[in-house]
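Notes follow once the structure below has been shown.
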Amino acid sequence: MASRQLEKIYEPQAVEARWGQYWLDQGYFHADADAQGQPYAIVIPPPNVTGSLHIGHALNTTIQDILIRWHRMQGRNTLWLPGTDHAGIATQNVVERQLMAEQTSREQLGRDAFIERVWTWKRQSGDTILEQLKRLGASCDWSRLRFTMDDGLSRAVRDVFVRLHQDGLLYRGERLINWCPRCLTALSDIEVEHESVQGKLYHIRYPLSDKPRDGLVVATTRPETLFGDTAVAVHPEDPRHNRHIGRSLRLPLTGRTIPIVGDAILVNREFGTGAVKITPAHDFNDFEAGERHHLPRLSILTHRGLLNADALREADVEPGLRDTLANLPPTSARPLVAEELQRRDLLTQVDEYPMALGKCYRCKTVVEPFLSPQWFVHVQPLADPAIAAVEQGHIRIVPEGWTNNYLGWMRGLKDWCISRQIWWGHRIPAWYCTTCTPEARAILDGAGSGSIPTQATPIVSHTTPRICPTCQQARFVQDPDVIDTWFSSALWPFSTLGWPDNTKAFQTWYPTSTLVTGLDILFFWVARMIMLGLKFTHTPPFRDVYIHALVRDAEGRKMSKSKGNVIDPLTKMSQYGTDALRFTLASMASPGRDIRLSEDRIAGYRNFANKIWNAARFILMHAGGQTPAATPPADRPFADQWILSRLSHVTDTVNGCLRDYRFDQAAGHLYHFVWHEYCDWYLELIKPSLQEGDTVAARSTRATMLHTFERLQRLLHPFMPFLTEEIWQALPHQGDSIVRQPFPEAVPAWENADAERTFAIIEQCVTTIRTGRALLEYGPSTVLTILVTANDADDIARLHDARHHIAHLGRGAVSVLAQDAWPTDRVLHLVVGRVTVGITIDGEVDLKKALARIHKQTQAKQQDAAHLERRLSSPDFAAKASPEVIQESKDRLALLTAELSLFSRSNRQLQNMVS
RNA sequence: GGGCGAUUAGCUCAGUGGGAGAGCGCUUCCCUCACACGGAAGAGGCCACUGGUUCGAUACCAGUAUCGCCCACCA
């Protein structure tokens with residue numbers, strides 16, 4: 001491509017659109033399972049089809065793309081597999097809201113029509129986030145796009161379900177589960193978010209049946225559930241209460257009596273009154289206590305979470321109260337029940353009490369523990385190998401700190417409720433014979449699976465069974481429930497590669513290399529992928545799990561639409577450029593920490609992009625038709641030797657950082673190198689040479705400049721793909737795109753300590769001269785008379801070689817002097833390490849500033865020197881510190897002493913001049 | 001209640017057993033022929049507190065305080 005005239009300011013929009021399309025058209029991201037190279041694969045954490053790109057996606061995607069582009073450039077056979085998740089509850093909610101706006105509902109539509117409606121919606125809107133990922137530059141193999149409800153993936157889901165069932169790891173049972181009364185479905189334990197709220201602890205007196213004046217006082221946060229009580233428990237060794245065990249109590253507000261049982265597990269003698277009401281159908285602890293004592297379970301709520309009139313009758317609630325309470329939500333019933341108890345003098349005490357409230361993670365409705373028949377995965381046999389895989393290092397979690405989090409969670413894992421009473425999702429591949437299970441016929445009329453007793457035997461298979469093995473009939477209904485979305489996500493690393501078929505892609509890229517994800521789905525997703533991956537492929541699904549931070553706003557709050565503190569990545573990409581946003585996110589991706597994103601930071605990296613852009617303009621302007629030839633470094637001018645050395649070092653550093661997943665450090669080193677070494681010093685050093693015309697040195701410098709800059713684009717490319725492609729294409733280059741150019745490796749032959757040492761001296765001199773210029777208030781156009789010298793002959797020789805650089809950058813006439821030739825008059829002597837700089841004072845100058853400055857520095861250095869002397873004179877230090885440390889301290893003290901003597905000389909002279 | 005993490009410049013954050021760092025912001029000078037989204041020079045910090053280990057601690061250990069996150073059925 002011919003080099004274009006580059007604008008003064010980098011304009012990202014057109015550039016991004018052009019190259020983004022070019023990459024796709026050229027198929028650069030397509031991965032071939034038969035290609036050469038060691039495989040490297042990442043499967044994307046599939047965003048919800050309902051999703052729109054938020055800043056968390058942007059971070060997640062940027063990190064994956066950096067890894068992918070880096071490995072692709074290194075010649076690995078690299079696959080980044082994209083896709084989306086059907087997100088059962090979330091998606092169903094979105095479409096249901098649409099229906100509500102149309103004054104209809106999914107029930108009115110019917111199941112098949114509703115599902116068709118969701119598919120229509122998915123076809124229309126489901127690609128939004130994919131387009132947004134493309135805009136971010138995500139170099140996915142879009143030809144391998146997958147969706148969790150694709151035919152292939154659905155087959156994998158059925159296959160896994162059937163095999164788990166065959167292996168006895170699935171069961172259906174009536175248990176207490178978390179129920180969302182708005183979504184009308186069961187949720188798994190982790191789909192409940194706990195929130196701390198201020199509640200009340202009610203103390204209620206339950207009279208003894210035979211001695212109504214006596215009784216037990218129970219403490220509860222939910223008095224309205226007392227209608228579901230089927231016992232009261234006390235601690236068997238509690239002397240206050242244990243004599244009552246075996247007797248019975250009158251359940252207030254009802255005509256029932258309930259037994260007093262002894263239970264050491266449920267009851268904490270220290271808490272409350274030492275007596276606990278047991279409500280097996282509405283509390284997880286009570287459910288287990290109920291199991292232990294074979295208590296009946298009395299569910300008093302409807303599936304919409306309201307007090308159930310029929311159940312209240314069954315619970316023998318007093319008729320008047322029954323009518324008042326029926327169909328009330330628990331929160332409304334609670335004060336009414338308390339009031340009624342108060343009226344009867346049964347409410348003995350009410351305390352303020354903080355309690356945890358469980359909410360649905362999709363709609364934030366308060367969830368209810370609810371009794372219903374559900375499908376469960378027996379997780380322990382799956383969890384054990386998943387624990388071992390991490391413990392034994394087959395899977396590495398980065399940063400390491402999260403490992404214990406993972407292990408702790410896995411060890412305490414309870415069975416996983418995987419049935420959902422919604423319609424959008426993978427339908428459970430279980431069928432009931434309508435002859436053997438007459439209740440199953442109700443499903444045909446739209447009833448839920450709850451109508452089928454748990455004793456019924458489902459037939460689990462890939463397809464509708466042909467004949468019932470028990471009764472030889474052939475009429476079946478399928479279980480109406482669908483499987484938890486996270487179940488299909490758990491198969492993602494292998495189902496997307498064609499499993500259960502042994503495809504070429506599966507053979508090549510499975511197990512995948514790295515999984516990049518946020519902490520928020522470590523349990524939802526990562527843990528389950530490991531469990532099911534190990535179970536079905538006998539291999540961990542990935543080698544490394546990189547867990548990145550959560551992006552928060554500048555105040556550290558979680559971003560959410562309701563708080564209005566969302567930083568929209570799409571807006572920022574338009575405003576500052578995609579590369580600037582990517583570089584920002586990479587820079588802030590420090591391990592184990594949340595990211596507080598502030599817009600200033602993005603603007604800063606936009607400026608960085610512009611800096612690179614202008615360096616490119618400069619370089620192209622001065623390229624002079626030169627090509628980036630590779631003459632031996634030793635033959636090149638000093639500045640070229642130096643920048644080659646620095647480039648090799650930074651290349652090495654960046655590769656190391658990327659290997660360690662330290663994107664923040666890699667970005668930091670690149671930023672510093674580009675701006676403060678390449679632009680501030682190298683380009684400035686070579687400017688005079690570029691003016692020279694067609695000399696040998698100038699040609700060499702042009703070649704080096706182009707060579708290093710081209711290499712730098714490749715180094716930057718994983719972080720800033722668009723900008724670097726645009727520049728690379730404008731530079732002399734070979735190949736069609738930077739995307740498939742090799743990623744730079746360090747070149748040890750370029751590393752040159754001698755050149756770096758010379759540079760350090762130049763830098764010191766120039767900085768010192770500029771400081772002196774500012775102190776003496778000589779304007780930039782004043783040409784100074786500069787004297788330099790050094791402590792040893794070697795450094796004096798370097799000064800001699802470099803004097804034209806010092807003269808150019810310091811804007812002055814430079815004389816390199818021997819130390820004994822150093823003048824004493826009308827010279828400002830300035831800070832130095834190994835070198836001494838003097839600026840000849842010419843004409844009338846205000847020296848007060850300079851004197852004040854020298855005075856201040858003198859004091860600081862005297863303190864340092866005193867500190868060092870104290871340390872060096874300590875016998876313990878001499879005896880115990882390492883020789884290197886001792887030597888270093890001695891060297892530093894010697895330098896300080898030299899500087900201080902200079903300072904004092906300077907001081908005296910300047911004082912004399914002032915007076 | 002358990003676990004984890006944080007506390008360093010005005011702000012956002014790196015960092016290390018021996019001389020306190022970056023970006024942004026701030027001050028001064030400069031529109032010097034790549035870049036004012038720029039250049040140069042600066043100001044600014046008892047590295048949360050208290051003990052301990054050490055010749056030496058911002059760093060390692062313990063405790064305290066504050067903040068945050070995750071997990072948790074104590075009614």
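No hydrogens, no waters, no symmetry mates; every other heavy atom, side chains included, goes into these values. A note on names: the letters A, B, ... follow the listed sequences, proteins ahead of strands, and every chain is numbered from 1.
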Output yes when [X] and [Y] qualify as a salt bridge under the 4.0 Å nitrogen-oxygen rule, no when they do not.
X      : Y      : value
A:E224 : A:R334 : yes
A:R606 : A:E599 : no
A:R222 : A:E368 : yes

Using the [atom1] atoms only, state how far [M] lies from [N], rounded to an integer number of Å.
N     : M     : atom1 : value
B:A20 : B:G2  : P     : 40 Å
B:A41 : B:C67 : C1'   : 38 Å
B:G18 : B:C47 : C1'   : 16 Å
B:C31 : B:G19 : P     : 41 Å
B:G10 : B:A43 : C1'   : 12 Å
B:A57 : B:G17 : C1'   : 7 Å
B:U54 : B:A14 : C1'   : 26 Å
B:A6  : B:A75 : C1'   : 34 Å

Take atom [atom1] of [X] and atom [atom2] of [N], then tell me their distance rounded to the nearest Å.
X      : N     : atom1 : atom2 : answer
A:N610 : B:C37 : CG    : P     : 9 Å
A:E193 : B:C71 : CD    : P     : 9 Å
A:H669 : B:G15 : NE2   : C1'   : 11 Å
A:L581 : B:C37 : CG    : C1'   : 17 Å
A:I686 : B:A34 : CD1   : C1'   : 11 Å
A:Q575 : B:C37 : CD    : P     : 15 Å
A:L413 : B:A72 : CG    : P     : 10 Å
A:M355 : B:G1  : CE    : C1'   : 17 Å

What's the closest nucleotide to the side chain of [X] if the choices are [options]?
X      : options             : value
A:K880 : B:A34, B:A40, B:C55 : B:C55
A:D680 : B:G18, B:G39, B:C70 : B:G39
A:K611 : B:G38, B:A41, B:C55 : B:G38
A:R662 : B:A75, B:G18, B:G15 : B:G15
A:W675 : B:G18, B:G39, B:A34 : B:G39
A:M621 : B:A75, B:C55, B:A34 : B:A34
A:F877 : B:G18, B:C35, B:C37 : B:G18
A:Q665 : B:G15, B:G39, B:G18 : B:G15
A:A615 : B:C55, B:A34, B:A75 : B:A34

Practice task
Give a yes or no on whether a donor-acceptor pair under 3.5 Å exists between the nucleobase atoms of B:A36, that is its base, and the side chain of A:K8.
Solution key: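 Counting by modelled atom types and ignoring angles, no donor-acceptor contact under 3.5 Å is found here.
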Exercise for the section: Please evaluate the base of B:C35 for a donor-acceptor partner in the side chain of A:R617 within a cut-off of under 3.5 Å? Expected result: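 Answer no: no donor N or O sits under 3.5 Å from an acceptor.
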Taking any heavy-atom pair under 4.0 Å as a contact, classify [X]: base, sugar-phosphate, or nothing.
X      : result
A:F523 : sugar-phosphate
A:V267 : base
A:G274 : base
A:T767 : sugar-phosphate

Practice task
Compute the centroid of each ring, for A:Y671 and then for A:W675, and state whether the two points are separated by less than 6.0 Å.
Solution key: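 Aromatic pair counts; centres sit under 6.0 Å.
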Problem - 5' priority, RNA chain B, between A:L266 and A:I619 [closest heavy atom] - result: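 Closest to the 5' end, via its nearest nucleotide, is A:I619.
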Problem - Closest-nucleotide 5' rank along RNA chain B - winner of A:R222 and A:Y10 - result: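 Per heavy-atom nearest nucleotide, the more 5' residue is A:Y10.
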Quick one: does [X]'s side chain have a donor or acceptor within less than 3.5 Å of a partner on [Y]'s backbone?
X      : Y      : result
A:N610 : A:Y10  : yes
A:H805 : A:V766 : no
A:H622 : A:F618 : yes

Problem - For RNA chain B, the dot-bracket pattern of Watson-Crick and G-U pairs whose distances stay under 3.5 Å, | for other-strand partners - result: (((((((..((((....[..)))).(((((.......))))).....(((((..]....))))))))))))....
Side-chain N or O of [X] versus OP1/OP2 of [N]: is the shortest distance under 4.0 Å?
X      : N     : value
A:N607 : B:G38 : yes
A:K687 : B:C33 : no
A:R870 : B:G18 : no
A:Y353 : B:A75 : yes

Practice task
Any pair with a residue in residues 671-691 of chain A that passes salt bridge (Lys or Arg N to Asp or Glu O under 4.0 Å), sequence neighbours left out, goes on the list, sorted by first then second residue, please.
Solution key: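 Sorted pair list: A:R646-A:E677, A:E684-A:K687.
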Problem - A:Y678-A:T708 side chain donor-acceptor pair, cut-off 3.5 Å - result: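 Yes - a donor-acceptor pair under 3.5 Å links their side chains.
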Exercise for the section: Could you tell me whether the side chains of A:Y361 and A:E193 share a donor-acceptor contact shorter than 3.5 Å? Expected result: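 No donor-acceptor contact under 3.5 Å links the two side chains.
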Practice task
Find the distance between CZ (A:F523) and CD1 (A:I190) and round it off to the nearest 0.5 Å.
Solution key: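 Taking CZ in A:F523 and CD1 in A:I190, the distance rounds to 8.0 Å.
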Practice task
Kindly compute the distance separating CZ (A:F227) from OG1 (A:T279), expressed to the nearest 0.5 Å.
Solution key: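 Those atoms lie 11.5 Å apart.
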Please write out each protein N/O paired with an N/O of nucleotides 19-23 of chain B under 3.5 Å, distance rounded to 0.1 Å.
residue, atom, partner, partner atom, Å
B:G19, OP1, A:R892, NH1, 3.4
B:G19, OP1, A:R892, NH2, 3.3
B:G19, N3, A:R892, NE, 3.4
B:G23, OP1, A:H676, NE2, 3.4

Practice task
Show your working on ring-ring contact (aromatic ring centres under 6.0 Å, His included) between A:Y605 and A:Y576 and close with a plain yes or no.
Solution key: CA-CA 8 Å; A:Y605 290 116; A:Y576 299 107; over 10 Å; no
